[in-house]
Amino acid sequence: MEDYSKYLNTKGFSQHTINSYLYAIRQMNDRVGLFPTNEDLLNHKDWLMSQFAAKTANLRITAINSYLDFIEYPGIRLKGLRIQQKPFLDNVISQKDYENLRDSLLQDGELFWHFIVRYLTCTGARVSELRQFTVESTRVGFLDLLSKGQKLRRIYRYCQ
C-alpha cells in the first residue's frame, strides 16, 4: 500500500484523494483478498452498489481500477455506474424572488448584503470564489481562478 500511495503522490493526486483511494483498496482487500479474481471484482462492485450512493460507489470503482493498473492486474477493469443528471435545478430562486430580495436589501439599508447578492448573480461566482476577489481584480475587470481539476475559470466583474 505504501508503494501505491507513493505512486498516487507522483501522479499529483491530493492527499485527500490518496487517502480516499487507499481506503477503497483496503475495503476491497478486506472483502476479497489481495489478489481478486474477475468474479471477486464484479461481486465487490455489486456490493458497493448495494451499500453506497452511486457517486461513492463510482469513486471506489475508480480507485480500484487505478490500483489494478498499478499492480498490472491482467483481468478486467470495472465500469462505473451511470448517473442520470437532473435536467433542472430545484433549489434556484425565481427572477422575481431574486429582484425582491435584492430590492429589499437595498431598502433596508443592507448595502453589504445587497452588493454580495448582486455580485454573485451577475458574475455567476461561487461564494468561495467571491472571497478571492481583490480591489485590483475589480479594477482589471476579471479574476482568473484555478478550480478543481486544474481548470482555469475567468470571472468578469461586469454587472448592470
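Quantities reported herein were computed from a predicted structural model and do not represent experimental measurements.
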Enumerate the residue pairs fulfilling salt bridge (Lys or Arg N to Asp or Glu O under 4.0 Å) with a member in residues 22-32, sequence neighbours excluded, ordered by first and then second residue. none
Taking Ile76's backbone N and O only, do any of them form a donor-acceptor pair with Asn38's side chain (distance below 3.5 Å, no angle check)? yes
Which heavy atom of [X] sits nearest a heavy atom of [Y], and at what distance?
X	Y	answer
Ser20	Leu59	OG-CD2, 3.1 Å
Gln27	Arg60	OE1-NH1, 3.0 Å
Ile18	Ser5	CG2-OG, 3.7 Å
Leu68	Arg77	O-NH2, 3.5 Å

Among residues at least two apart in sequence or on other chains, which ones pass side chain to side chain donor-acceptor pair (under 3.5 Å) with [X]?
X	value
Asn29	none
Asp97	Ser94
Asn9	none
Tyr98	Thr121

Check whether any side-chain heavy atom of Leu8 sits under 4.5 Å from a side-chain heavy atom of Phe70, and report yes or no. no
Evaluate the side-chain proximity of Ile64 to His44: yes if any heavy-atom separation is below 4.5 Å, no if none is. yes
More than 12 heavy atoms of other residues, nucleotides or ligands under 6.0 Å from CD of Glu99: is that the case? yes
Counting heavy atoms not belonging to Glu2, are there more than 12 under 6.0 Å from its CD? no
Got a second to check how far [X]'s [atom1] is from [Y]'s [atom2], nearest 0.5 Å?
X	Y	atom1	atom2	value
Asp103	Asp108	CG	CG	11.0 Å
Leu130	Phe133	CG	CZ	7.0 Å
Phe13	Asn19	CZ	CG	13.0 Å
Asn58	Leu48	CG	CG	9.5 Å
Met28	Leu41	CE	CG	6.0 Å
Leu101	Arg118	CG	CZ	12.5 Å

Answer with yes or no whether the hydrophobic clustering places Ile71 together with Tyr23; edges join I, L, V, M, F, W, Y residues whose side-chain heavy atoms lie under 4.5 Å apart. no
Is Val135 reachable from Tyr119 through a run of hydrophobic residues whose side-chain heavy atoms are each under 4.5 Å from the next? no
Is it true that Tyr67 and Tyr21 have ring centroids separated by less than 6.0 Å? no
Note: with side-chain heavy atoms under 4.5 Å as the link, the other cluster members for Leu111 come out as Leu106
Any chance the side chains of Tyr7 and Ser66 put a donor and an acceptor closer than 3.5 Å? no
Just checking, is any N or O donor in the side chain of Asn65 or Thr62 under 3.5 Å from an acceptor N or O on the other one? no
